[in-house]
Amino acid sequence: MRRARRQASGLWGTIGMTVLGAMIPGSGYLYAGRRWLGLLVLSLWAGVIGLVVWYFGRDLKQQLTDLAFNTSALKVIAVLLGLSLLTWAFVVLTSYRLVRPRERPRWHTVAGYTTVVLVLLVGAAPVVRAAQYALVQADLVETVLPDNVRSATTPRDVSVEDPWAGQDRVNVVLLGGDGGVGRTGVRTDTVILVSIDTETGKTVMFSLPRNMMYAQFPEDSPLHDLYPDGYQTGQGDPGFDMLNAIYSQVPILHPGVLGDSDNEGADAVKQAVSGSLGVPVDYYVLVNLEGFKTVVDALGGITVNINEPVAINGNTDAGIPPTGYLQPGPDQTLGGFDALWFARGRYGSDDYARMDRQRCAVDALIEAADPMTVLNKYVDLAAAGKEILSTDVPRDLASALVQLLLKVKDAQVRSVVFKPSDKFFSGDPDYVYVQDTVQKALYPAKKKAKRKAEKPEAVEDPVDACAYTADDLVEEPTDEPSDDTFTEDTSTEDLAATEP
């Protein structure tokens, strides 16, 4: 004998049971007397929730990062979310129809269906957003991270189980590509090697000036055979002999010299950094600086301290004056356009001041990228990332790299900046000294008993480097051109500014 259908009492009872049926799928069926159907739906929903809790409860960070780079799983999740949403909507609607009174005023029916629609809209919003994020993330990973890397310079003996091939450090070179109108290809004006301890996450960053000459290549590299005395093209234009020109010039002058590669320019820069610093370079990450402003705008701007006027536009060599200046002041909020010029402006300044500003811009970008902002702006950020990022980090190792970067966040980060001194001149660097400095930074001598540790040659507090230190406003500079490329700085400042 079929059990009689139980009905809610009045409009408010109907709305209450409809909402409860939406929050706990199957409860509406149980209330209406559809016991087996209600138990089935409730069991399925509880099973799904239990599976999710079990999967992510084992190691939330690990599971999330693994999932974030598993494009197949992300697409399946998007489909399952869509099917679950349709099933849930059907359950909510039929639960309402079961629990509502048979006899009711017409306006109760209108109010009831209005409630159902509102409940469905509220419940569907996060599910639709989650499915959208899953598809956006899958597209981002497939666009930025290669599935089968073609490179002559990536490590060979790596695997998901042993992503760093037993190395104690993984070295990634960060490149800021300065492509644009009037330039030959992409010029990597920003070159920073990030060396990360694979156990502790302790990190040392080495910043190289864009105008560094005679870049060295490892002895086993074909480029070393071509440039045994350092990179010099002999084209007559010194601009083609700088570190920042290798990315564009080597593929033009020596196509295929390093073998099969997705990005010959990046491979050449990796080898130049490796030979010059005396350490292997495993991977590269290239950021198009023109796209940097898109990321900043997506985050709602960055906040920095400006200690001296920073030129907007202008060309020193061509004698073209800037169109404006970013004026000094503390806690300046910059949109994408101004943030880009804060990071790249060099008119009336020099490369080393710009390198400092770039580090401050990166710090500000990290500060602006709080979890809620990233979540709300994720679609825009992902779209920007597709346009400005490229790398040779294999897709199946991306999760391991992110896990390592999470260690870096809580570990010591030091920075070595190669600046003009009596020991370093970018026009003719002493690479023996450079490599010795790198080794001391990576493997500092341990403190001996009853002896003080050797004091670094120069110490710079990274917080102070980005703090507001101008007591008075600096007068806007004149438009007199200045040569910041080959003039040796005769100051007694030491080579490496080492930040604890």
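Since this is a predicted model, take the numbers as computed values, not measurements.
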Colleague: Quick test of your reading: applying side chain to side chain donor-acceptor pair (under 3.5 Å), list the pairs with at least one residue in residues 268-282, sequence neighbours left out, ordered by first then second residue.
Modeller: Thr153-Lys270, Ser221-Gln271, Lys270-Asp392
Colleague: Could you go step by step and tell me if Arg100 and Tyr113 meet the side chain to side chain contact (heavy atoms under 4.5 Å, CB included) rule?
Modeller: CA-CA 11 Å; Arg100 68 182 182 179; Tyr113 277 116; 3.3 Å; yes
Colleague: Return yes if a side-chain donor-acceptor contact under 3.5 Å exists between Tyr443 and Arg169, otherwise no.
Modeller: no
Colleague: Show the atom names and distances, to 0.1 Å, of all donor-acceptor pairs under 3.5 Å that link a side chain in residues 329-342 to residues at least two apart or in another chain.
Modeller:
| unit_1 | atom_1 | unit_2 | atom_2 | d |
| --- | --- | --- | --- | --- |
| Gln332 | NE2 | Gln327 | O | 3.0 |
| Thr333 | OG1 | Thr303 | OG1 | 3.4 |

Colleague: Taking the side chain as C-beta and beyond, is there a heavy-atom pair between Leu365 and Val295 under 4.5 Å?
Modeller: yes
Colleague: Locate the shortest heavy-atom distance separating Leu81 from Ala131; write the atom from each residue and the value.
Modeller: CD1-N, 3.6 Å
Colleague: Can you give me every donor-acceptor pair (side chain of residues 40-58, partner residue at least two apart or in another chain, under 3.5 Å) with its distance?
Modeller:
| unit_1 | atom_1 | unit_2 | atom_2 | d |
| --- | --- | --- | --- | --- |
| Ser43 | OG | Leu39 | O | 2.7 |
| Tyr55 | OH | Gln63 | OE1 | 3.2 |
| Arg58 | NE | Tyr55 | O | 3.4 |

Colleague: Supply the atom-to-atom distance Ile196 CD1 to Leu405 CG, rounded to the nearest 0.5 angstrom.
Modeller: 5.0 Å
Colleague: CD1/Ile312 to CG/Leu326 distance, rounded to the nearest 0.5 angstrom?
Modeller: 4.0 Å
Colleague: Checking Val119 now: which residues fulfil side chain to side chain contact (heavy atoms under 4.5 Å, CB included) with it, not counting sequence neighbours?
Modeller: Val19, Ala22, Trp88, Val92, Thr115
Colleague: Where do Leu74 and Ala138 come nearest, in terms of heavy atoms and distance?
Modeller: CD1-N, 3.7 Å
Colleague: Any side-chain heavy atom of Asp66 sitting closer than 4.5 Å to one from Gln62?
Modeller: yes
Colleague: Of the non-hydrogen atoms in Arg395 and Glu142, which two are nearest, and what is the gap between them?
Modeller: NH2-CA, 3.5 Å
Colleague: Taking all non-hydrogen atoms of both residues into account, name the closest pair between Ile302 and Ala361 and its distance.
Modeller: CD1-O, 4.3 Å
Colleague: For the residue pair Ala398 and Leu145, what are the closest heavy atoms and their distance?
Modeller: CB-CD1, 3.6 Å
Colleague: Give a yes or no on this: more than 12 heavy atoms of other residues, nucleotides or ligands lie within 6.0 Å of atom NZ of Lys202.
Modeller: no
Colleague: I would like to know whether Asp139 and Lys386 meet salt bridge (charged side-chain N to carboxylate O under 4.0 Å, His left out); could you show each step before the answer?
Modeller: CA-CA 9 Å; Asp139 183 45; Lys386 287 170 55 180; 2.6 Å; yes
Colleague: Any side-chain donor-acceptor pair under 3.5 Å between Thr109 and Arg104?
Modeller: yes
Colleague: With sequence neighbours excluded, tell me which residues meet side chain to side chain contact (heavy atoms under 4.5 Å, CB included) with Ala68.
Modeller: Gln137
Colleague: Residues in side chain to side chain contact (heavy atoms under 4.5 Å, CB included) with Ala89, at least two apart?
Modeller: Leu120
Colleague: Pairing donors with acceptors under 3.5 angstrom, does anything connect the side chains of Ser261 and Asp267?
Modeller: yes
Colleague: Indicate whether the side chain of Asn263 and that of Tyr284 have a donor and an acceptor atom separated by less than 3.5 Å.
Modeller: yes
Colleague: Would you say CG of Asp157 has more than 12 non-hydrogen atoms from neighbouring residues, nucleotides or ligands within 6.0 angstrom?
Modeller: no
Colleague: Compare every heavy atom of Ala32 with every heavy atom of Val99, then report the nearest pair and how far apart it is.
Modeller: CG1-CB, 4.2 Å
Colleague: Could you measure the distance from the CD atom of Glu264 to the CD1 atom of Ile246? Nearest 0.5 Å is fine.
Modeller: 14.0 Å
Colleague: More than 12 non-hydrogen atoms from neighbouring residues, nucleotides or ligands closer than 6.0 Å to CD on Glu199, yes or no?
Modeller: no
Colleague: Could you please spell out the steps behind the side chain to side chain contact (heavy atoms under 4.5 Å, CB included) verdict for Leu174 and Thr190?
Modeller: CA-CA 7 Å; Leu174 304 181; Thr190 300; over 6 Å; no
Colleague: The test is side chain to side chain donor-acceptor pair (under 3.5 Å); show your working for Asn244 and Thr188 and say whether it passes.
Modeller: CA-CA 5 Å; Asn244 72 337; Thr188 52; over 6 Å; no
Colleague: Could you tell me whether the side chain of Tyr29 reaches within less than 4.5 Å of the side chain of Val91, counting heavy atoms only?
Modeller: yes
Colleague: Leu208 and side chain to side chain contact (heavy atoms under 4.5 Å, CB included): which single residue from Val417, Leu193, Leu243 fits?
Modeller: Leu243
